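Notes to accompany the following structure.
Worth knowing before you read on, the calculation uses all heavy atoms, side chains too, and leaves out hydrogens, waters and symmetry mates. Numbers restart at 1 for each chain; the letters A, B, ... are given by sequence-line order, proteins then strands. Every value quoted in this text rests on a predicted model; they were computed, and no experiment measured them.
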Amino acid sequence: MAEPKTNELMEKIVSLCKRRGFVFQSSEIYGGLNGFWDYGPLGAELKRNVKELWWNTMTRQRDDVVGLEATIIMHPQIWRASGHVETFADLMSECPVTKKRVRSDQVESQTGIAYFWTGASDAEGKVCAEPFSVLIPIGKPPESARKVAAQFYELRGIKSPVVQGERSEKLENTVLYHPESGARLSEPRPFNLMFKTYVGPVESEDNVAYLRPETAQAIFAQFKNVLETSRQKVPFGIAQVGKAFRNEVTPRNFTFRSREFEQMELEFFIKPDEAVEAAHGSVAIVPSSGHPGQPQANWGWQAWHQYWVEERVKFYEGIGLSRETLGFHIQTPEELAHYARATTDILFKFPFSKKDGQGNVAGDELEGIAARSDFDLSQHERFSGKPMGVFDDELRAAWAKLDDAKKQELSQRYHAARLKYLLKSGVEQARAEKQAKENADGLAKGQYIPHVIEPSAGVDRLILALISNAYSEVTETDDKGKSETRVVMKFHPRVAPIKVAIFPLLKNKPDLVNKALAIRDLLRPNMNVFYDDGGSIGRRYARQDEAGTPFCITVDFETFEGVKDGTAAGEKDTVTIRYRDDGRQERLRISELLALLMEKIR
RNA sequence: GCGAGCGUAGCUCAGUCUGGUAGAGCAUCACCUUGCCAAGGUGAACGUCGAGGGUUCGAAUCCCUUCGCUCGCUCCA
């Protein structure tokens, strides 16, 4: 099989998605809407299977995780506490020469000589009267500033511009110029990544609300309610699947970056390391790679983080994404959000993923597993005024048995961590000191704000990964030398939209048709079944290959007349099962069919 | 949001430069045929040429606007 070129492959995938009903453009009959996608019949089944598997794996199969389904629109204060109002609704300025955009409040202050011009003209007498200004470091020749100005006026249609009305001035600590090009930045414009709406019929600034840009915050906001009603104790997690919305600047790469998308998030709450150490003497050290095994009571955040990374990889492997198709990105200290201890991204090597210098493909993000300290609950405690801490009997009992030196050491470490958080959050020194001391005293009484490990996955990205991974082509040449390329979607049976297709060998033979329909009805309560009697049998197999159906059952004459040869010769009520990935066929008793298929799709 | 390219049937595309009222292959549907991997026959359906406006006797074709897609920049908890 020839390896298709990257873009070609992506185009084929997009085309197949539309042709077979996996993914359609939203509102297509009205010209589509950038960044929004709909799932067709096969896509909807695929997505449903994936979400259900995640939910089962993360909650029902575990004792220590429970579910939540929260609203999309929530109290606007939630987005202040989370930081989204500040960083998602932001003023941006643009450099008119490089077209680069910077956050207006994050421009480094600079000192230098600013040159001003009133306009420019070219040899043909064309004039641009737009004023412009460039800042250059002191000591740099003014020519370099004029060069930038020339670029600016050239962009406005003046060829070989002659600048006019030059004057210069020394400026100190200005934030009005682009640090790279020196060009004067455009006026700051609001740049809001959150979808905004109004609660109630009156549109006023008093009732502004946002469509959630992530599902995680609802989990934090409902943490206490869930804790009190679920009979869970830290460590435990809350899982949620749901829609989130981001007004992305540039939706890209098919469904990879959409404006409306779905997330599968777990917030797993753990004890702070100081509490673990108090109860167990030390915090477990686990190898930095590989699965650390069953959770242990002496795990700190590192072990839990490692555990969840490996659990999530196991999940991906279980639905057909082998480790070779995945990539990992461990965020560097510079990339990490200030409150995060560590973040590991699980990547998938998409057809559009970029190659590095050596031709290696890193991949693009499917899921991020973040160790977020106690930042989230602490923020909500501060913003809502409601305590988010838990009381831990075990910790209180253990603390009482510690010697004074240990008590003091743990207390100081906890105090330092809390103080750092509070100061970073803008709490004034004296209040922060007082608060941190209260927190440290609380720890001694068995109280703490849980830390959190957050595996956060994008459903739509995962669907795209599964489709990309499943896509394969088979080229066959017939007797006449005519070669034909067929598409086979090799989905893992667990996620395949249609699990099994049932065919009568011929549709004009009522016995075959009725038996096939009976088998359909036998299997239907347990799995998604597709009955098809149209066209030749080969064509029907090919159709199912494109849909990614792993098994095809055919009722033929031997079903009635008995098996012709072999050990089962003469036996009736058998059918053939044909396997998608290799075309192999086996003969099976109808009575054994259900159990066999259930085993294969589990 | 900026720059470049693209948009014709379900899909892949021809036709656009040079204006004359839209085509191919595949796919789809029905019937016939068909004893296991896209066989064949007959018939059917399918495009206001992305949308809106302009120029023209006449626009898929020329001009303007707009929407969508792709790539680059930007953004990306």
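Look at the C1' atom in both B/G20 and B/G10: the space between them is 30 Å, to the nearest Å. Comparing the P positions of B/C17 and B/G7 gives an interatomic distance of 14 Å, to the nearest angstrom. Here, B/A38 and B/A77 have their P atoms 49 Å apart, quoted to the whole Å. B/A27 sits 8 Å from B/G40 when the P atoms are compared, rounded to a whole Å. Only the C1' atoms considered, B/G23 is 14 Å distant from B/U16, to the nearest whole Å. Remark: the separation of the P atoms in B/C64 and B/U55 is 15 Å, to the nearest Å. Between the C1' atoms of B/U66 and B/U74, the separation comes to 23 Å (whole Å). Remark: the separation of the P atoms in B/A30 and B/C67 is 41 Å, to the nearest Å.
Ring pair A/Phe352/A/Phe350 is parallel by interplanar angle, where below 30° counts as parallel and above 60° as perpendicular. Using cut-offs of 30° and 60° for the angle between ring planes, the A/His84 and A/Trp79 rings count as perpendicular. In this pair, A/Phe268 and A/Trp304 present their aromatic rings tilted. The plane angle is within the 30 to 60° band. Ring geometry, A/Phe269 versus A/Phe223: the interplanar angle falls from 30° to 60°, so the pair is classed tilted.
Under the Watson-Crick and G-U wobble criteria, each requiring two contacts below 3.5 Å, nucleotide B/G72 is paired to B/C2. B/C49 is unpaired under the criterion used here, namely a Watson-Crick or G-U wobble arrangement in which both key atom distances are under 3.5 Å. Nucleotide B/C26 is matched to B/G10 when pairs are restricted to Watson-Crick or G-U wobble geometry with both distances under 3.5 angstrom. B/U55 makes up no base pair with any nucleotide shown, lacking Watson-Crick or G-U wobble contacts both under 3.5 Å. Across all strands shown, nothing is found opposite B/C17 as a Watson-Crick or G-U wobble partner with both distances under 3.5 Å. In this entry B/C36 has no Watson-Crick or G-U wobble partner, no candidate having both defining distances under 3.5 Å.
Interface remark: the A/Arg540 side chain does not form any donor-acceptor pair with the B/C36 base, using a distance-only criterion of under 3.5 Å.
Each of B/U33, B/A39, B/G35 was ranked by its minimum atom distance to the side chain of A/Arg539; first place goes to B/A39. Comparing B/G35, B/A38, B/C37 by their nearest atom to the side chain of A/Gln585 picks out B/C37. For A/Lys507, the listed nucleotide lying nearest its side chain is B/C31; candidates were B/C31, B/C11, B/U28. Taking the side chain of A/Ile537 as heavy atoms from C-beta on, and the options B/C36, B/C37, B/A38, the nearest nucleotide is B/C36. Here B/C36 is the nucleotide among B/A38, B/C36, B/G35 with the atom lying nearest to any side-chain atom of A/Tyr541. Here B/C36 is the nucleotide among B/C37, B/C36, B/C11 with the atom lying nearest to any side-chain atom of A/Asp556. Considering only the side chain of A/Lys18, B/G10 comes nearest among B/C36, B/G10, B/U33. In this structure, the nucleotide among B/A77, B/A39, B/C11 sitting nearest to the side chain of A/Tyr339 is B/A77.
Among the atoms of the strands shown, none is found under 4.0 Å from any heavy atom of A/Gly40. At a threshold of 4.0 angstrom between heavy atoms, the contacts of A/Gln217 with the nucleic acid are absent. As judged by a 4.0 angstrom heavy-atom cut-off over every strand, A/Thr343 is placed among residues making no nucleic acid contact. Base engagement by A/Thr554 is indicated by at least one non-hydrogen atom pair under 4.0 Å involving a base atom. Residue contacts shown for A/Phe254 are limited to sugar-phosphate atoms, with no base heavy atom under 4.0 Å away. Residue A/Thr576 is in base contact, counting any heavy-atom pair closer than 4.0 Å across all strands shown.
In terms of position on RNA chain B, the residue among A/Arg486 and A/Gln263 whose nearest nucleotide sits closer to the 5' end is A/Arg486.
The distance between atom CG of A/Asp565 and atom P of B/G35, rounded to the nearest whole Å, is 19 Å. One atom, CG of A/Asp533, and another, P of B/U34, lie 16 Å apart when rounded to the nearest Å. Note: NE2 (A/His178) to C1' (B/C73) measures 11 Å, nearest angstrom. Per the geometry, CZ belonging to A/Phe261 stands 10 Å off C1' belonging to B/A77, to the nearest Å. Summarising the geometry, the separation between CD on A/Glu546 and P on B/C26 is reported as 16 Å, rounded to the nearest angstrom. The separation between A/Phe352 atom CZ and B/C76 atom C1' is 14 Å, rounded to whole Å. Here the C1' atom of nucleotide B/C76 and the CG atom of A/Asp345 are 12 Å apart, to the nearest Å. B/C11 atom P lies 11 Å from atom CD of A/Gln25, rounded to whole Å.
The pair A/Arg520-A/Asp532 does not count as a salt bridge, with every side-chain nitrogen at least 4.0 angstrom from each carboxylate oxygen. At a threshold of 4.0 Å, the pair A/Glu473-A/Arg486 does not count as salt-bridged, since none of the basic side-chain nitrogens sits closer than that to a carboxylate oxygen. Ion pairing between A/Glu214 and A/Arg212 fails under the 4.0 Å rule for side-chain N and carboxylate O. The pair A/Arg461-A/Asp364 does not count as a salt bridge, with every side-chain nitrogen at least 4.0 angstrom from each carboxylate oxygen.
Distances shorter than 4.0 Å separate some side-chain N or O of A/Ser536 from OP1 or OP2 on B/A39. Using a 4.0 Å cut-off, no side-chain N or O of A/Arg584 falls inside it from OP1 or OP2 of B/C36. Taking only side-chain nitrogens and oxygens, A/Asn253 never comes nearer than 4.0 Å to OP1 or OP2 of B/C69. The side chain of A/Arg543 places an N or O atom within less than 4.0 Å of a non-bridging phosphate oxygen (OP1 or OP2) of B/U28.
Using a 4.5 Å heavy-atom threshold, the side chains of A/Glu454 and A/Ile369 count as separate.
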